[in-house]
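Values below: all heavy atoms of this structure, side chains included; hydrogens, waters and symmetry mates excluded. Both counts, for ligands and for their atoms, begin at 1 and track the order of listing.
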Amino acid sequence: MIYRKEGYIVSKNLDQLTVNTIRALSADMVQKANSGHPGKPLGSAPMAYTLWANHLRIDPKNVNWINRDRFILSAGHASALIYSLLHLFEFDVTMDDIKDFRQYGSRTPGHPEYGDTEGVEATTGPLGAGLSTAVGMAMAQEHLAAKYNKPGYEVFNNFTYALVGDGCMMEGITSEASSLAGTLGLGRLIVLYDSNSITIEGSTDLAFHENVRERYEAYGFETFLVEDGNDLEAINAAIEKAKTNLEKPSFIEIRTKIGALTPLEGSEKTHGSPLGEDNIKILKDNMNYPSHEPFYVDDSVRTHMKNILEEKHAAYLEWEKMFKEYQEKYPEDYAQWVEDNRELTLDEFFEDETLWDFGDKPVATRSLSGIVINRLNKKYNNLFGGSADLAGSTMTLMEGETSFSKDNYAGKNLHFGVREHAMAAIGNGIVLYGGLKPYVATFFVFTDFLKPMARLSSLMEIPATYILTHDSIGVGEDGPTHEPVEQLTMMRAQPNFITFRPADGVETMAGWAVAMTSTKTPTALVLTRQNLPQLEGSSKDATKGAYVISDTDKIDVILIASGSEVSLALDAKEVLEKEGIGVRVVSMPSMELFEAQSEAYREAVLPRDIRKRVAIEAGSSLSWGKYVGFDGNYVTMDTFGASGKGDVLFEKFGFTVENVVSKVKEII
Ligand SMILES: Cc1ncc(C[n+]2csc(CCOP(=O)(O)OP(=O)(O)O)c2C)c(N)n1
């Protein structure tokens with residue numbers, strides 16, 4: 001029996017045929033892979049097509065065009081949708097790639113992965129991440145526009161679009177990010193909400209009842225409702241209107257049916273399973289699709305796309321012409337923009353001695369980082385950063401710079417409000433946009449609140465910078481809720497992430513040099529609240545992750561420490577040496593950087609045959625087994641801290657010279 005859904009106008013026009021092609025390709029991809037999410041692409045194909053065909057300023061011939069519109073599929077599970085779009089819009093996603101959906105090593109992985117697929121602007125899949133990242137992109141666009149645009153020369157004026165689903169709307173991160181976007185009046189941010197009232201477990205009535213549009217209204221968005229998600233004209237009109245309001249971000253709720261035009265329309269069964277051959281046949285019948293052949297694309301659609309892409313290319317050429325004129329008219333601004341995009345080298349940081357001088361007084365590494373930020377801001381034009389309401393504590397304010405706000409997009413100091421999770425996603429979005437060096441900051445213990453987005457920084461291989469202060473029981477009186485213990489190990493366990501815990505000014509600068517020059521790896525600077533001495537022997541070699549900060553003639557034991565515990569190791573060494581025990585002290589601010597050094601370097605710092613080693617760090621022991629081995633010992637922390645004075649806590653938890661000495665004596 002052929003199932004035919006009443007009420008759909010199946011138009012033969014090219015727009016509708018292209019929408020249906022997106023649907024057919026998406027259904028076929030999931031079917032062939034025997035895995036994936038067909039429901040959302042079927043429901044949201046009309047809005048996605050309308051946006052891409054009529055509005056999105058992109059050019060597959062110039063995929064890195066800085067002023068291209070950004071499209072973020074926040075509902076990343078609907079990846080078949082974006083791959084179909086990218087294929088039809090002639091990005092480097094071939095029909096073979098489409099047929100290779102979800103296979104190992106393909107360019108069409110299960111969820112959109114930044115770097116794997118041309119045209120995918122951000123990795124999405126963890127729901128809510130996409131919209132929050134898009135907010136960062138929209139902030140970057142406004143900032144660069146404020147900095148570089150001139151009358152008649154809108155170098156930066158792109159829109160950022162995010163396609164979200166019910167899942168994204170439920171996630172807390174989008175509330176954080178959207179609240180900020182509304183506050184900042186990011187008028188070039190437009191959210192398309194594929195509102196199908198279905199998630200995996202069934203109807204959203206189970207767990208989600210607020211009026212989402214009213215929520216967005218309250219955030220400060222202009223909101224729209226399109227009742228019929230198949231009405232291309234209504235969708236188009238809403239996007240058109242949204243684009244005219246540059247004072248507020250826009251939120252367009254578009255009511256759709258998951259699994260549209262299949263017998264399972266409206267059912268959660270279409271969310272994450274192949275539709276089955278029979279249902280796909282019915283889908284194609286219902287669409288009056290020209291062929292039942294899997295992956296069929298009508299020639300007329302190909303021609304239609306070529307025509308659209310010609311227009312898009314022409315828009316690019318127009319921008320390019322304008323930008324060339326800009327370069328001639330404003331050579332200094334252009335030169336600055338080129339400089340902003342230059343890859344920095346460690347050498348240029350090493351050579352500038354003014355960056356490395358911190359005097360000899362004890363200072364907290366968070367304050368030293370603050371000094372570095374301000375030195376860097378004088379030298380580099382494109383720092384753009386801030387904290388989740390902890391600027392004074394994390395020392396992340398750029399002096400003499402203004403705050404980024406609705407009325408001042410030129411401001412460089414960002415205020416994320418108390419929104420760590422969105423802050424990290426926004427940081428990612430700013431990096432992804434390009435031309436800026438963002439940093440985001442909070443207390444190290446609240447890394448737990450931003451970790452999922454830091455994970456995406458690593459996965460996307462982008463150099464986001466995290467300033468994480470108050471890094472141990474040194475926090476003191478605020479007590480165990482504010483005292484990190486396991487966070488160092490947690491971050492070290494994350495692939496492609498540099499956790500850098502400096503011991504003094506020189507090492508703090510080294511950490512910043514690493515962060516500023518990294519191209520594919522995010523960096524966290526893990527910093528103290530309490531003062532630390534400037535260490536004799538601390539060195540730029542900290543950029544290598546670990547180095548010998550103090551040596552001895554004949555090594556009996558190696559003390560390996562990071563951050564605030566390096567000075568403790570040095571103090572313990574003095575006592576041990578007096579007792580005739582030869583001690584090498586290795587400062588290890590970053591295990592990851594050390595692991596990236598040559599075998600010879602690692603052997604020189606930690607000789608294999610010296611197995612008496614003690615790790616000293618006010619964090620969990622779990623990180624250290626690799627370096628300490630069976631014959632070593634630990635002065636670490638595997639319990640929560642407590643409330644009290646920081647120095648008292650260090651004593652109570654065993655971070656004393658006596659305890660280090662006794663731990664050494666236990667093993668030699
Ligand atoms: C942070 C996060 N939690 C859970 C999931 C698993 N998940 C994937 S899709 C989904 C439901 C999404 O519902 P909706 O956005 O309405 O998508 P639709 O059902 O329309 O496809 C869930 C829970 C996820 N991808 N990310």
Original post:
Is a donor on one side and an acceptor on the other found under 3.5 Å between the side chain of Glu121 and the backbone of Arg70?
Top reply: no
Subject >> For Lys284, all residues meeting salt bridge (charged side-chain N to carboxylate O under 4.0 Å, His left out), sequence neighbours excluded >> reply: Asp28
**OP:** Could I get the full list of salt bridge (charged side-chain N to carboxylate O under 4.0 Å, His left out) partners for Arg213, not counting sequence neighbours?
**Re:** Glu253
**OP:** Answer yes if the side chains of Gln494 and Ser458 hold a donor-acceptor pair under 3.5 Å, and no otherwise.
**Re:** yes
Subject >> Pairwise side-chain hydrogen bond (donor to acceptor under 3.5 Å, both in side chains) hits with a residue in residues 122-137, at least two apart >> reply: none
May I have the N/O to N/O pairs between ligand 1 and the protein that fall below 3.5 Å, each with atom names and distance to one decimal?
{"from": "ligand 1", "atom 1": "15 (O)", "to": "Asp166", "atom 2": "N", "distance (Å)": "3.3"}
{"from": "ligand 1", "atom 1": "15 (O)", "to": "Gly167", "atom 2": "N", "distance (Å)": "2.8"}
{"from": "ligand 1", "atom 1": "16 (O)", "to": "Asp166", "atom 2": "N", "distance (Å)": "3.4"}
{"from": "ligand 1", "atom 1": "16 (O)", "to": "Asp166", "atom 2": "OD2", "distance (Å)": "3.3"}
{"from": "ligand 1", "atom 1": "16 (O)", "to": "Ile198", "atom 2": "O", "distance (Å)": "2.7"}
{"from": "ligand 1", "atom 1": "17 (O)", "to": "His77", "atom 2": "NE2", "distance (Å)": "3.1"}
{"from": "ligand 1", "atom 1": "19 (O)", "to": "Ile198", "atom 2": "O", "distance (Å)": "3.0"}
{"from": "ligand 1", "atom 1": "19 (O)", "to": "His271", "atom 2": "ND1", "distance (Å)": "2.8"}
{"from": "ligand 1", "atom 1": "20 (O)", "to": "Lys40", "atom 2": "NZ", "distance (Å)": "2.9"}
{"from": "ligand 1", "atom 1": "20 (O)", "to": "Asn196", "atom 2": "OD1", "distance (Å)": "3.4"}
{"from": "ligand 1", "atom 1": "20 (O)", "to": "Asn196", "atom 2": "ND2", "distance (Å)": "2.6"}
{"from": "ligand 1", "atom 1": "21 (O)", "to": "His77", "atom 2": "NE2", "distance (Å)": "2.7"}
{"from": "ligand 1", "atom 1": "21 (O)", "to": "His271", "atom 2": "ND1", "distance (Å)": "2.9"}
{"from": "ligand 1", "atom 1": "25 (N)", "to": "Gly125", "atom 2": "O", "distance (Å)": "2.8"}
{"from": "ligand 1", "atom 1": "26 (N)", "to": "Leu127", "atom 2": "N", "distance (Å)": "3.0"}

Subject >> Validation row, ring centre Phe384 to ring centre His143 under 6.0 Å >> reply: yes
